[in-house]
Amino acid sequence: MNAMDAISIDALSARDDLLGEEERLARDAVRRFVRERYLPRAGELYEREEFPRDLIPEIAELGLLGASIHGYGCAGMGPVAYGLILEELEYGDSGLRSFVSVQGSLAMYAIAAFGTEAQKQKYLPEMAKGKLIGCFGLTEPDSGSDPASMQTRARRDGDAFVLSGTKMWITNAPFCDLCVVWAKVDDGGPESIRGFVVERDRPGFEARRIHGKMSLRSSETGEVVLEECRVPASAMLENKPGLGAALRCLNEARFGISWGAVGAARACVECAIAYARERTQFGVPIAKKQLVQEALVEMTSELVKAELLALHYGRLKEKQGRLAPEQVSLCKRNNVRAALEIARRARGILGANGILLEYPVIRHMLNLESVYTYEGTHEVHTLVLGKALTGQNAF
Ligand code: TGC
Ligand code: FAD
């Protein structure tokens, strides 16, 4: 085949044929934004550990904040359109997608699904406009995969609650306006867990930036310290007490991550193919070598499978209104692992150039290490599925 005749990944997967017009339009708008506004700065932002806060108004203008929520100024997109926009954002960088996931699928979703009408009216329209930024505080220094062991407490005191505890690894915390904090009420156990919308200017609330991450560097991560932080009783969400509500928010975000990972993987495959066609060794482009072709074919097959898996579950979610948690686990686990392996193989194909920020591959590879861990580690999702298949709890 002449090099000019090469088939594109899109032509191979033919996924576009399965998308509706509106889904393609939403995808294309975000694709343009990411390529024109984010990618030219991606390496520099990564190097400087900086999230581009100046882009928030444009992200909001595109309708990407709380995009799958209906009403309250949100775009009300279907699951597939929502997935596609996250895929395009993560083609840019996992940190860009994380910002949107945490704002929409975690903080806004928690308020939309479990908030009082007054909380929804107060927060959601401003969050959709990007005027208020939210974060989601579940993880703690001693409580990661096992959030039921959280130590954060909300003590009832008249018509207020007093929150004490530390939340760790909280995306968007350094510049948040509010945090959805999950806490055990009074002396209760996991069955007493409630969500609280805590505004940043409450005395006793502090968000400290975590520096020195070698992954997801262009996402700002922080520690949220609550020291006798008093909030009105009206800050409490109306969730059924227990861990289930927080996990329902995670289902939304995990679904989006399954799509996002595909975007990161696609950026890596495209880069590896282009590089292999250009890079000459032993007198010919390395693309002429069978081992390189085998790697590119494996990467592309895994990418197309991941794309189609996300689309399948997206259509199912559209039809049924929800997915079973095990289906979300299967999709997140498969797609993130596939993306990480694709990124590692792409890194190899680029040789020494593969470690330069000039190419997107090392950035994606390092980012995906976080994606593998957050929103339920790969092992947690293995155990969720293992339990579902065998009926045996192996946590
Ligand atoms: P378990 O006893 O199994 O369940 C407690 C209650 O929750 C219900 N439930 C779920 N509900 C909805 N969706 C799910 N996925 C659910 N899983 C369980 C369950 O039915 C039960 O309800 P009820 O009414 O009977 O009380 O809970 P467990 O304590 O044994 O834990 C289960 C486990 C380990 C799977 C769960 O704790 C878990 O998923 N751990 C991982 C923690 C995690 O993912 N943390 C993520 C933090 S946020 C984040 O990482 C953001 S990064 C975002 C970004 O930057 O993009
Ligand atoms: P641990 O739970 O300590 O796990 C360590 C290792 O042990 C892992 O390999 C794990 O799979 C394994 N392990 C644990 N339990 C078992 C078991 N039963 N069987 C077998 N293996 C097991 N959290 C939030 O609440 N909000 C956020 O916005 C947020 N953003 C994040 C952003 C970044 C960049 C990162 C890295 C994390 C973020 N997190 C956030 C936290 C994330 O959800 C946790 O890191 C994750 O849940 C894992 O917890 P841990 O890091 O404490 O690991």
Side-chain angles (χ1 to χ4, degrees), residues 49 51 86 89-90 93-107 109-110 113-114 133-150 152 165-174 176 179-182 189-193 195 207 210 212-224 239-261 322-330 332-333 336 366-388 393-395:
E49 282 191 284
F51 176 76
L86 295 184
L89 291 169
E90 197 150 350
D93 194 277
S94 304
L96 182 61
R97 196 268 310 138
S98 261
F99 167 75
V100 170
S101 290
V102 169
Q103 174 82 348
S105 295
L106 292 180
Y109 179 83
F114 308 111
I133 301 303
C135 63
F136 185 87
L138 181 65
T139 305
E140 300 182 357
D142 296 322
S143 176
S145 297
D146 178 21
S149 67
M150 69 173 64
T152 299
T166 302
K167 296 293 177 180
M168 189 66 183
W169 296 110
I170 307 305
T171 302
N172 296 350
C176 74
C179 180
V180 174
V181 173
W182 298 93
E191 72 291 342
S192 74
I193 294 172
I210 299 172
K213 305 196 320 283
M214 289 295 124
S215 169
L216 229 75
R217 286 174 65 81
S218 38
S219 166
E220 295 190 26
T221 316
E223 179 186 16
V224 171
N239 65 285
K240 177 180 159 219
L243 193 55
L247 293 172
R248 269 181 58 191
C249 302
L250 295 184
N251 291 339
E252 293 302 304
R254 290 167 175 172
F255 168 76
I257 287 173
S258 311
W259 287 81
R322 65 183 290 275
L323 292 173
E326 296 77 20
Q327 291 170 324
V328 178
S329 283
L330 191 151
K332 190 268 181 183
R333 179 181 181 278
V336 175
L366 293 171
N367 282 340
L368 287 163
E369 293 289 348
S370 285
V371 183
Y372 192 80
T373 288
Y374 68 35
E375 293 283 2
T377 66
H378 184 79
E379 293 76 22
V380 160
H381 292 296
T382 305
L383 296 175
V384 167
L385 287 162
K387 183 176 163 191
N393 183 344
F395 280 98

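What you see below is based on every heavy atom in this structure, not just the backbone, and it leaves out hydrogens, waters and symmetry mates. Read the numbers this way: they start at 1 and go in the same order the structure lists the ligands and their atoms.
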Colleague: Using a 4.0 Å heavy-atom cut-off, say whether Leu216 meets ligand 2 through its side chain, its backbone, both or neither.
Modeller: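 The part of Leu216 near ligand 2 is the side chain, not the backbone.
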Colleague: Closest by any non-hydrogen atom to atom 42 (C) of ligand 1: pick that one out of Ala253, Gly137, Gly144.
Modeller: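 Going through Ala253, Gly137, Gly144 one by one, Gly144 has the nearest heavy atom to atom 42 (C) of ligand 1.
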Colleague: Within the protein, is there a heavy atom lying under 4.0 Å from atom 2 (O) of ligand 1?
Modeller: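 No, because not a single protein heavy atom sits under 4.0 Å from atom 2 (O) of ligand 1.
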Colleague: Can you tell me the protein heavy atom closest to atom 23 (P) of ligand 1 and the distance?
Modeller: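 Of every protein heavy atom, Lys240 NZ, 4.4 Å lies nearest to atom 23 (P) of ligand 1.
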Colleague: Verify the distance criterion only: is there a donor paired with an acceptor across the side chains of Thr152 and Glu140 at less than 3.5 Å?
Modeller: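 Their side chains do contain a donor-acceptor pair, which is all the 3.5 Å distance test asks for.
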Colleague: Geometry only, no angles: is Leu383 polar-contacting ligand 2 at N/O separations under 3.5 Å?
Modeller: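 Such a contact does not occur with ligand 2.
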Colleague: When you measure from atom 12 (C) of ligand 1 to each heavy atom in Asn251, Asn393, Ile257, Val380, which option holds the nearest one?
Modeller: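 Among Asn251, Asn393, Ile257, Val380, the closest heavy atom to atom 12 (C) of ligand 1 comes from Asn251.
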Colleague: Would you say atom 6 (C) of ligand 2 has a protein heavy atom nearer than 4.0 Å?
Modeller: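 So atom 6 (C) of ligand 2 lacks protein heavy-atom neighbours under 4.0 Å.
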Colleague: In terms of residue, atom name and distance, what is the protein heavy atom nearest to atom 8 (C) of ligand 1?
Modeller: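 In this structure, atom 8 (C) of ligand 1 has Gly244 CA, 4.0 Å as its nearest protein heavy atom.
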Colleague: Heavy-atom contacts under 4.0 Å between Thr171 and ligand 1: side chain, backbone, both, or neither?
Modeller: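 The side chain, only.
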Colleague: I need the Glu375 CD to Ser258 OG distance, nearest 0.5 Å.
Modeller: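 If we round to the nearest 0.5 Å, Glu375:CD and Ser258:OG are 10.0 Å apart.
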Colleague: Out of Pro141, Ser145, Ser101, who gets a non-hydrogen atom closest to atom 53 (O) of ligand 2?
Modeller: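 Nearest option to atom 53 (O) of ligand 2, by heavy atoms: Ser145.
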Colleague: Would you tell me which option among Asn172, Thr377, Leu243 has the nearest heavy-atom contact to atom 5 (C) of ligand 1?
Modeller: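 Nearest option to atom 5 (C) of ligand 1, by heavy atoms: Leu243.
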Colleague: Identify the closest protein heavy atom to atom 45 (N) of ligand 1: which residue and atom is it, and at what distance?
Modeller: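 Looking only at protein heavy atoms, the one closest to atom 45 (N) of ligand 1 is Leu250 CD1, 3.8 Å.
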Colleague: Closer than 4.0 Å to some heavy atom of Ala148 - which atoms of ligand 1 meet that?
Modeller: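 Those qualifying, in numeric order: 29 (O).
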Colleague: Counting only heavy atoms closer than 4.0 Å, does ligand 1 sit against the backbone of Phe395, its side chain, both, or neither?
Modeller: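 Within the 4.0 Å criterion, Phe395 contacts ligand 1 through side-chain atoms alone.
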Colleague: Record the part of Arg254 in heavy-atom contact with ligand 1 below 4.0 Å; permitted values are side chain, backbone, both and neither.
Modeller: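 The side chain, only.
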